Structure formats: C-alpha cells, structure tokens
**Q** 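Questions regarding the structure given below will be posed in turn.
Nothing here was measured: the structure is a model prediction, and the numbers come from that model.
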Amino acid sequence: MDALLADSRTRIVVCCGSGGVGKTTTAAALALRAAEKHGRRTVVLTIDPARRLAQSMGLTELDNTPRKVESADGDLFAMMLDMKRTFDEVVLAHTDPKRAKEIFANPFYQAMSSTFAGTQEYMAMEKLGQLRATEEWDLIVVDTPPSRSALDFLDAPQRLARFLDGRMLRMLLAPARAGGRSVFNLVTASFGVMTKAFTKILGGQLLTDVSGFVTALDSMFGGFRERAEQTYKVLQARETAFLVVAAPEPDALREAAYFAGRLAEEKMPLAGLVLNRMHRLAVPDLSVERALAGAEKVDSWVTEEVLRLHADLSRRVARERRLADQFTAARPGVPVFEVPAQPEDVHDLDGLRRVVG
C-alpha cells in the first residue's frame, strides 16, 4: 500500500465497493497516509452523505471546495461533492451566461441536477476531472458514491451521455433545430402521434420543461459525450489505481468479485483489495475446543464467559479467513491489504492513522 501511495506515477486512487464496507474511512486513511508519510499534496473527495469524513478530520463541514486539514502533518485537503453545484459549474463552463440562466430556471434541470438517477455518479466523475485538470494535486483519492451496485460509478458517465443522446431527446430537439417551432405545433402526423403519446405518459408541462431544457442544452451535448470519453480514458490510464474495498462477508465479497471482473473487462487497473474489519485473536493458539473445555471446568463465571467469547470469536475469525482466502485464491495476482476491526468507530485523525498503520 505504501508503495502505491508513494509512487509519483499514481495520481488517482479510486476506492470502490458495495455500501457499508468502509469506503469513506479507507479513502480518508489512505489520503492521510499519502500526505503525512510520503509528502504528497493530496485531496480526498467524498460523496458520503453521512459526513463522517469531516468529523474524522476535525473539520466542521465539507463542501464542493477543497478544505485544508490543518491538524494533519502534511498537505492534506478534503471535500464533499455538491451534486447540483457541480452540475451548475459544468453548465457555466460550457455555455454563455444567458443560456445558463435559462437552464438554471428550467424545472426539469432543477429536478435532474438534484435527483436524476446517475447524476451523482456522473458529477463525481466531473469533479474528478476538474481536480485532475488543475494539476494542483500530487494525488486525488476518490470515495465512490454509496450505490446499490458499485458498478454505478463506472456506468454513470456513459449512461448520462446516452440519456442526453437518446432518441426521445433528439426528437424533442428537432423543432428547435428546424427553426424554433414548438413541439406541439409540429404538423407531421408521425411526430404528432408521438407527441400525444409522450404528453399522455409524461404530462404536457413536463414535456414542455424537457423540451426547453434540451433546447437550451443543445450546445453542451457534444461536451457531455466528450467528457464521458475522457473520463474512461483517465480511469484506464496508468495514473489511476482502483482499490476494491470489502468486508469479510459473503455479500460484500461477492460484489467485490464481480467488480474486480468488470474492471478487468474494461481494462481498468485494479491495484488491490482492501479487506476491512478483519477480526483477530489476542490468543491465537487457544483453540475453540480447549476454550470450551476450559469454560466447563473453571469456577469463575467471568473466566467462563471470557473463554466462551474467545471460542465464538475464533469461529468468526476462521470464517472470515476462509472467505478471504476464497476471494484471493481466485485472483492470485491482486495484492491484499487487511485492515483489523477497530474497537470503536473511527472519529479522528489518530483513528485514521491506526487504519493504515
């Protein structure tokens, strides 16, 4: 892990995995390690709504602008994705002020920029692109969005580009390109029938809002597609390292295995697997059988309970080791970094240091 973080060729580390496996904590701990131990100017981008990252780094809040972590012994910055603000920045950067004002006022844009499926993942990639373009950072660590599937992060750029390039939106855009006539005034029979169908399904006002949004956004369509392609090239490049984060549980490891396979298909660099919350034994030589036998013989109920707890923990450790070995055996070339289970939640920099220490 230190070799990866110290390598100047590594410019982006993407922490991905299913929800609830500790991606946010892992991303923060890696960024802290890179800044403090390896002297790299590092920014960590989180998309975690729980705001645990700000708390652990001693910041009162995080927003769409990198904030310096003053208590860290190095150049460490942290930020939280503001999905709508990032979308607004994209609009402002790729259209004139008048057109941008029209887009911002459009009800469909207001809904899409805040709640549209895939927008959060797409804007995370937009923000990553913005950070990379500044050349200000030695290392960018990305905590991927909490999604039903870790694959959403990879799919979002192409999915949003397909939406903006879709047949329905191109039909809605056709009147504007033909001279600005309203979709409702088109006289062609075929399109009239289609418009009635859309109106019946979506409602007239929504269709009007969508049409206005698409018309205003026409000049940006090429930019969305171009940035989606650029995003994929960056993710496939040598400068990017994917780390799959998983807990030693069947569902999490199954998701991690699927994600590792998808990365291989897309020719994206899988740098390693982080197995989080691995339990360990204080007395590894004391077997389950001996602990239970001893519990039957002792006179102290406290000692008996401790021995039974040790037996239960031993079974858990064995199960976790079996699951981890099954995963790593299927991917012998992928390095594995194990993070011990912590006695309490990570809530400060010392806790983050223990994660990777």
**Q** In a table with atom names and distances, give each donor-acceptor pair under 3.5 Å that connects a side chain of residues 325-333 to protein atoms at least two apart or in another chain.
**A**
| unit_1 | atom_1 | unit_2 | atom_2 | d |
| --- | --- | --- | --- | --- |
| Asp325 | OD1 | Arg321 | NH1 | 3.4 |
| Thr328 | OG1 | Ala324 | O | 3.0 |
| Thr328 | OG1 | Asp325 | O | 3.2 |
| Arg331 | NH1 | Phe327 | O | 3.1 |

**Q** Residues in side-chain contact (heavy atoms from CB on, under 4.5 Å) with Lys37, at least two apart?
**A**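 side-chain contact (heavy atoms from CB on, under 4.5 Å) list for Lys37, sorted by chain: Asp2, Arg33.
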
**Q** State which residues pass side-chain contact (heavy atoms from CB on, under 4.5 Å) with Arg319; sequence neighbours excluded, sorted by chain then number.
**A**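 So Arg319 forms a side-chain contact (heavy atoms from CB on, under 4.5 Å) with Arg316, Arg322, Leu323.
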
**Q** Could you walk me through whether Thr46 and Leu81 pass side chain to side chain contact (heavy atoms under 4.5 Å, CB included), step by step?
**A** CA-CA 6 Å; Thr46 185; Leu81 178 73; over 6 Å; no

**Q** Measuring from atom OG1 of Thr25 to atom CG of Asn276, what distance do you get when rounded to the nearest 0.5 angstrom?
**A**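 Taking OG1 in Thr25 and CG in Asn276, the distance rounds to 7.0 Å.
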
**Q** Could you tell me whether the side chain of Met79 reaches within less than 4.5 Å of the side chain of Leu59, counting heavy atoms only?
**A**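 No. Closest side-chain heavy atoms not under 4.5 Å.
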
**Q** Among residues at least two apart in sequence or on other chains, which ones pass side-chain contact (heavy atoms from CB on, under 4.5 Å) with Lys297?
**A**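 Per chain and number, Lys297 pairs via side-chain contact (heavy atoms from CB on, under 4.5 Å) with no residue.
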
**Q** I want to check something: taking the side chain as every heavy atom from C-beta on, are Arg277 and Val339 in contact at a cut-off of under 4.5 Å?
**A**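 Answer no - side chains too far apart.
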
**Q** Could you list the donor-acceptor pairs under 3.5 angstrom formed by side chains in residues 243-254, with sequence neighbours left out?
**A**
| unit_1 | atom_1 | unit_2 | atom_2 | d |
| --- | --- | --- | --- | --- |
| Asp251 | OD1 | Arg254 | NH1 | 2.7 |

**Q** Roughly how far, to the nearest 0.5 Å, is CG of Leu270 from CE of Met268?
**A**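 The distance works out to 12.0 Å.
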
**Q** How far does OG of Ser300 sit from CD of Glu305, to the nearest 0.5 angstrom?
**A**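 Reported value, rounded in 0.5 Å steps: 10.0 Å.
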
**Q** For Lys101, does the NZ atom sit with more than 12 other heavy atoms under 6.0 Å from it, leaving out its own atoms?
**A**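 No, NZ of Lys101 has 12 or fewer neighbouring heavy atoms, counting only those of other groups under 6.0 Å.
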
**Q** Gln130: what forms a side chain to side chain donor-acceptor pair (under 3.5 Å) with it, not counting sequence neighbours?
**A**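 Counting only residues at least two positions away or on another chain, Gln130 forms a side chain to side chain donor-acceptor pair (under 3.5 Å) with Lys127.
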
**Q** Considering only distance and modelled atom types, tabulate donor-acceptor pairs under 3.5 Å from the side chains of residues 348-357, sequence neighbours left out.
**A**
| unit_1 | atom_1 | unit_2 | atom_2 | d |
| --- | --- | --- | --- | --- |
| Asp348 | OD1 | Asp350 | N | 3.4 |
| Asp348 | OD1 | Gly351 | N | 2.8 |
| Asp350 | OD1 | Arg353 | NH1 | 2.7 |
| Arg353 | NE | Glu36 | OE1 | 3.0 |
| Arg353 | NH2 | Glu36 | OE2 | 2.8 |

**Q** Are side-chain N/O atoms of Asn64 and Thr86 paired as donor and acceptor at under 3.5 Å?
**A**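 On atom types as modelled, these side chains qualify, holding a pair under 3.5 Å.
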
**Q** Between His310 (side chain) and Arg308 (backbone), is there a donor-acceptor pair under 3.5 Å?
**A**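 Not a single qualifying donor-acceptor pair exists.
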
**Q** In the hydrophobic clustering that connects Ile, Leu, Val, Met, Phe, Trp and Tyr at side-chain heavy-atom distances below 4.5 Å, which members other than Leu313 occupy its cluster, ordered by chain and number?
**A**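 Its cluster mates, by chain and number, are Leu281, Val317.
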
**Q** May I ask you to say whether Arg9 pairs ionically with Asp7, meaning some side-chain N is under 4.0 Å from a carboxylate O?
**A**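 Between Asp7 and Arg9 there is a salt bridge, with a charged N closer than 4.0 Å to a carboxylate O.
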
**Q** May I ask you to decide whether Glu135 forms a salt bridge with Arg11, counting only side-chain N to carboxylate O separations under 4.0 Å?
**A**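 Judged by the 4.0 Å cut-off on N to carboxylate O distance, Glu135 and Arg11 do form a salt bridge.
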
**Q** Which heavy atom in Leu92 sits nearest to a heavy atom in Ala100, and how many Å separate them?
**A**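 Nearest heavy atoms, Leu92 then Ala100: CD2-CB, 3.9 Å.
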
**Q** When you measure from the side chain of Glu338 to the backbone N and O of Val336, does any donor-acceptor pair fall under 3.5 Å?
**A**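 Side chain of Glu338 to backbone of Val336, a donor-acceptor pair under 3.5 Å: no, none is there.
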
**Q** Please write out which residues are connected to Leu307 in a hydrophobic cluster, directly or through intermediates, given that two of Ile, Leu, Val, Met, Phe, Trp, Tyr count as joined at side-chain heavy-atom separations below 4.5 angstrom.
**A**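 Traced through the cluster, Leu307 reaches Val283, Leu286, Val298.
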
**Q** Can you tell me how far apart OG1 (Thr24) and CG (Asp143) are? Round to the nearest 0.5 Å.
**A**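 Reported value, rounded in 0.5 Å steps: 3.5 Å.
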
**Q** According to the salt bridge (charged side-chain N to carboxylate O under 4.0 Å, His left out) rule, which pairs have a member within residues 279-292, sequence neighbours left out?
**A**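 Counting only pairs at least two positions apart or across chains, no salt bridge (charged side-chain N to carboxylate O under 4.0 Å, His left out) contact touches residues 279-292.
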
**Q** Would you call Arg41-Asp75 a salt bridge at under 4.0 Å N-O?
**A**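 Here Arg41 pairs with Asp75 in a salt bridge, since their nearest N and O are under 4.0 Å apart.
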
**Q** Measuring only between side-chain heavy atoms, which start at C-beta, is Val21 closer than 4.5 Å to Lys23?
**A**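 SC-SC contact between Val21 and Lys23 confirmed.
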
**Q** For Gly17 and Thr144, work out which heavy atoms get closest and say how close.
**A**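 Here Gly17 and Thr144 meet closest at N-OG1, 4.4 Å.
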
**Q** List the atom of Ala6, the atom of His38, and the distance in Å for their closest heavy-atom pair.
**A**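 Smallest interatomic distance, heavy atoms only, reads CB-ND1, 3.4 Å.
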
**Q** Running the 4.5 Å side-chain criterion over Ile, Leu, Val, Met, Phe, Trp and Tyr, what cluster does Val288 land in, apart from itself?
**A**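 Val288 clusters with Leu292.
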
**Q** Do Pro66 and Val43 have side chains that approach each other closer than 4.5 Å (heavy atoms only, starting at C-beta)?
**A**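 Side chain of Pro66 against side chain of Val43, heavy atoms only: contact under 4.5 Å found.
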
**Q** Is there a side-chain contact between Arg132 and Ile12, using heavy atoms and a 4.5 Å cut-off?
**A**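 Counting from C-beta outward, Arg132 and Ile12 do come under 4.5 Å.
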
**Q** Should Asp138 and Thr42 count as side-chain neighbours, where that means a heavy-atom distance under 4.5 Å?
**A**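 Not in contact.
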
**Q** State, yes or no, whether a side-chain contact exists between Thr10 and Leu139 at a heavy-atom distance under 4.5 Å.
**A**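 With C-beta onward as the side chain, the pair touches.
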
**Q** Suppose we screen for ring pair (Phe, Tyr, Trp, His ring centres under 6.0 Å). Which residues come up paired with Phe77, at least two apart in sequence or across chains?
**A**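 In terms of ring pair (Phe, Tyr, Trp, His ring centres under 6.0 Å), with neighbours along the sequence ignored, Phe77 is linked to Trp137.
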
**Q** For residues Ala72 and Leu32, report the shortest heavy-atom separation together with the two atoms involved.
**A**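 Heavy-atom minimum between the residues: CB-CD1, 3.9 Å.
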
**Q** What is the distance from atom CG of Leu263 to atom CZ of Phe242, rounded to the nearest 0.5 Å?
**A**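 With rounding to 0.5 Å, CG (Leu263) is 5.5 Å from CZ (Phe242).
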
**Q** Would you say Thr26's side chain and Gly22's backbone share a donor-acceptor pair under 3.5 angstrom?
**A**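 The answer is yes, because a donor-acceptor pair under 3.5 Å joins these two groups.
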
**Q** Does any non-hydrogen side-chain atom of Leu273 lie less than 4.5 Å from one of Phe337?
**A**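 Phe337 vs Leu273: side chains apart.
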
